[in-house]
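Data block below; observations after.
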Amino acid sequence: MADYSKEEIKKIEEKWQQKWRQDGVYKVSNDPSKPKYYALDMFPYPSGAGLHVGHPLGYIATDIVARFKRVKGFNVLHPMGYDAFGLPAEQYAIEHGVHPAISTAKNIETFRKQLDRIGFCYDWSREVRTCDPKYYKWTQWIFLQLFDSWFNRSLQKAERIEQLIANFEKEGNKNHHFPNAKYRLPSGNSAFSASDWKSFDKKIQQEILMQYRLAYLAHTDVNWCEALGTVLANDEVINGVSYRGGHPVVKRQMRQWSLRITEYAERLLKGLKEVDFSESMKDIQRNWIGRSEGAKITFALKSEKAIVKNMMVFTTRPDTIFGVDFMVVAPEHDMVKDITSSSHKGEIDKYLSYVESRSEVDRMAEVKKITGCFTGAYAINPFNQREVPIWISEYVLAGYGTGAIMGVPCGDDRDHRFAKHFNIPITNIIGEHYNGKEANPTYEATLTNSEFLNGTKMKDAMKVVIDKLVEMGIGERQVNYKMRDAGWSRQRYWGEPFPVVFKDDMPYAMDEKDLPLELPDTNEFKSSGSGEGPLANLKDWINIGPHEKRDSNTMPTHAGAAWYFLRYMDPHNEKEFASKEALEYWNQVDVYVGGSEHAVAHLLYARLWTKVLHDLGYLNFDEPFKKLINQGKITGDSRFVYRIRGKNQFVSHGLINQYETDALHVDVNIVNGLELDTEQFKKWKPDFANVEFILENGKYICGSAIEKMSKSYFNVINPDHIIENYGADTLRMYEMFLGPLEQSKPWSTSGIDGVYKFLRKFWNLMHDAEGNLKLSDAEPTKEELKVLHKTLKKIEQDIDNFSFNTSVSEFMICINELNALKCNKRAVIEPLIIALSPFAPHMAEELWEKMGHSDTVLNATYHKVEEKYLVESSFEYPISINGKVRAKMNMALDMPKEDIQKQVLASEIVQKWTEGKAPKKVIIVPGKIVNVVL
RNA sequence: ACCCGAGUGGUGGAAUUGGUAGACACGCAGGACUUAAAAUCCUGUGGCUAGUAAUAGCUGUACGGGUUCAACUCCCGUCUCGGGUACCA
């Protein structure tokens, strides 16, 4: 005897959560006899603040999919774990003296409790934590695979360093140039022969190999954040300040580990064509990779000292070669000092020190500001021998292309502003397309002032120019990428140590059998101050022998997250990161759900690691995620109360213009819709114990605003609170009911009653007024079967489309219809319970058990949709006149068009509109609509 | 500035390949039950106009055009909001 009441819900949910755990119903084995399905949530960082209702949104979605696939007969992998390394725990340790391992473990425990209350079907036996040595042993191992590999450009795949050495011994590097075209050997050359290679000493050989390794050490410009005492990745810097904390960031040269992700730029781009990500997600990644096609052109150079004979530029517009009026070189460019004439040295030095004084923030804030300085040197246009001045300016970046550009003011906005600002004469090569006031970057113009190109369309000129450059031996087609190699060192404690040993300042991989290299225990987490991380303070650990040292840096959190989805497949394997069988069976992640904030960093690194492991023969797929869904953010819906200034009185929102009031945020948890629970308000804060209220219609109505969910706005909704009041099943369904998964939306509890009522109606369908089970074994009618199969069909379709809000609606419609039919037949309700189980697993289990089943509903089978119950013999046609619906007529679906037309035209309403005249046209779409055109 | 995505009642949102706009739910209004309230159930609910009413007509998917027998859906332009990028040659 039970009602679906608050007390009963609590009992049911606790009962099943316990039983699920006891029986291990979510434990999944690698069973190749069954088809597999892999549903994955993005790795959470277990923060101390716990979950708010925004977090589980995506988890609920994947949980529904996982449960649905299970009742559809799949073997479903649905794991969860923790991205447990990271800065917040380390900051907390510095501030509160609690070891990151301890605070992290505690946070995980809270997190887990909250997750469990929502009834997720995670196989916890597969849980991973990136900070667990058993896990990071393999993070370090994969890092060593990257260290031991290089990218063979002609094959477009990674190979072992061993293979590279074999190539060098055979033919030097003539077929495998240095990935960084600017790199020079101590001799000044960039090419070496087989005999050169053999003559190099070991250190130089290692230095050369380092230029090729996918994980390599180099002096690189890094984003140094003094306040955090660490280096930040490009994506951790926003507008020149740190993503976390907003501290200033400056450029600094440091010897850092990097991943040579740029070598994979093309494959990362191409791979996007195979995967099912949203267009916007693909766009973000494409923009980040930033591929551009163009040409590299060599210009001869005329300068006072004549040390430098020529310069190279990269341009996407070789067709504009006759419009070049000047050259601009990055201030940091090597050749600057050599080409500067003595008469310009003073100015150039002044400009260089100005550039050096400017921080990232300054530069970003003043993008529009035009600065620059003439060097006194000239470049010679190879086609007409015209001499153009060479300038330096900070708008040209040293790190992109060749660090030098050709200025074409009539076609490029920045070049135009530059030319105008410094009074450089502008050559117009696009005729009327250039108005003298602003640049026009068109491709459509017919070229003028362009000698042999005159009369040629710009689009077509592109190929002509490149061919000619190649012929003359002064240029070639080239593709450039915006993306840079990924900085992989962090000056932090709480991360994976690098599994290398420095001998003579050169890193060597640790032996695989010595992994993991465990993080040493310490209580000192502050950085060493010298720019090195906290590990540098642990001399005993850092210094292995007189000439042997460890790396004082640790890896970024992206490392552990770049491969965790593979570990879930075989989480306890101590011999490999995962067995070949497990990797082959579980294969790609079928659906991956998470926020779009991971678009560039995490997803690109995970895709990179997968590709490398694939190239090295460990995986038979090279894209990790088949389908990716970005859940929208849930924003907060704040509530305000209005205090009359100077009094201890609060006035309801509708009456505030009669008083002078101050708006105060009020905890949304004590407001129902817009109505304040005045009793709870008095208890909320001691200051409010004796307040008075001025009500409207007997109620206190609050004001509202949509803001981000934040503790300080008192608009954070903890899922525990919802579960307390309505139960986990209502929470799950309500979060889905809010709207499309991908869409951002404000949290508001105002509609939650509707979902709760639905569940109760479902319950009541098979109970009488006293709460006793009341089921009928009678044969269902045709109508009841139609309702059932219509619902089953829609639910299946919706889940396949990740459209969960509409499936919740469909369930509601179904229950409303069955209620109207007073249907309590087992043959109808049983399949519905199975269909509902992914959404409301606790209630479904309880009802399933009440129906007499001893096994969990998880092992039931989703009923097959029988189309035969859905076929209709007639259709209620909307009859429109000139496109406007004027009437409805029920007609058989197999009625011939002529008969339909006859009936429609004969009808009274149509007669009224036609007024006896013959219509111009009658359009009949069988099963859809009839339109009479007058 | 550039590149994406979105804009539908008082609210969240629905609408297969162009084919009945507003499903479902909240809120609101009225009614039933109750001494009363809560809870529950039933009915109505985009706006405007006419009518006691059933109903009829007009209007309506950010705005202005267009294509079509038919447009929330396709095309062109404008505005607003959200996301991404930040001098990438």
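In the text below, chain A, chain B and the rest are named by the order of the sequence lines, each starting its count at 1. The analysis underlying the following values was restricted to heavy atoms, covering all of them including side chains, and did not include hydrogens, waters or symmetry mates.
A cation-pi contact links A:R317 to A:Y443, judged by a cut-off of 6.0 Å to the six-membered ring centre and 45° from its axis.
Nucleic acid contact class of A:F737 (heavy atoms, under 4.0 Å, all strands): base. In this structure, A:S748 reaches neither bases nor backbone, as no heavy-atom distance under 4.0 Å exists between it and the strands shown. Residue contacts shown for A:K920 are absent, as no nucleic acid heavy atom lies under 4.0 Å away. Across all strands, A:R886 comes closer than 4.0 Å only to sugar-phosphate atoms, never to a base (heavy-atom distances).
B:U35 and B:A21 are spaced 48 Å apart, taking the P atom of each and rounding to whole Å. The gap from the C1' atom of B:G9 to that of B:U45 amounts to 10 Å, rounded to the nearest Å. Distance noted for atom C1' between B:G60 and B:C76: 23 Å (whole Å). Between B:G77 and B:C87, the distance separating the two C1' atoms is 30 Å to the nearest Å. Look at the C1' atom in both B:U73 and B:U16: the space between them is 12 Å, to the nearest Å. When the C1' atom is used for both B:U67 and B:G10, the distance is 35 Å, rounded to whole Å.
Listed by first then second residue, pairs satisfying side chain to side chain donor-acceptor pair (under 3.5 Å) with a partner in residues 397-410 of chain A read A:S292-A:Y400, not counting sequence neighbours.
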Would you tabulate the nitrogen or oxygen pairs shorter than 3.5 Å linking the protein to nucleotides 69-72 of chain B?
residue : atom : partner : partner atom : Å
B:C69   : O2'  : A:N931  : ND2          : 3.1
B:C69   : O2   : A:N931  : ND2          : 2.8

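For A:Y400, counting side-chain heavy atoms from C-beta on, the closest listed nucleotide (B:U85, B:A89, B:C26) is B:A89. Which of B:A25, B:G57, B:U20 sits closest to the side chain of A:N816 comes down to B:A25.
Rounding to whole angstrom units, NE2 of residue A:H416 and P of B:C87 are separated by 21 Å.
Using a 4.0 Å cut-off between charged nitrogen and carboxylate oxygen, A:R291 and A:E266 count as a salt-bridge pair.
Side-chain atoms of A:K928 and base atoms of B:U17 include a donor and an acceptor less than 3.5 Å apart.
Between the side chains of A:T806 and A:S803, at least one donor-acceptor pair of N or O atoms lies under 3.5 Å.
Pairing of B:C33, defined by two Watson-Crick or G-U wobble distances under 3.5 Å, is not identified with any nucleotide.
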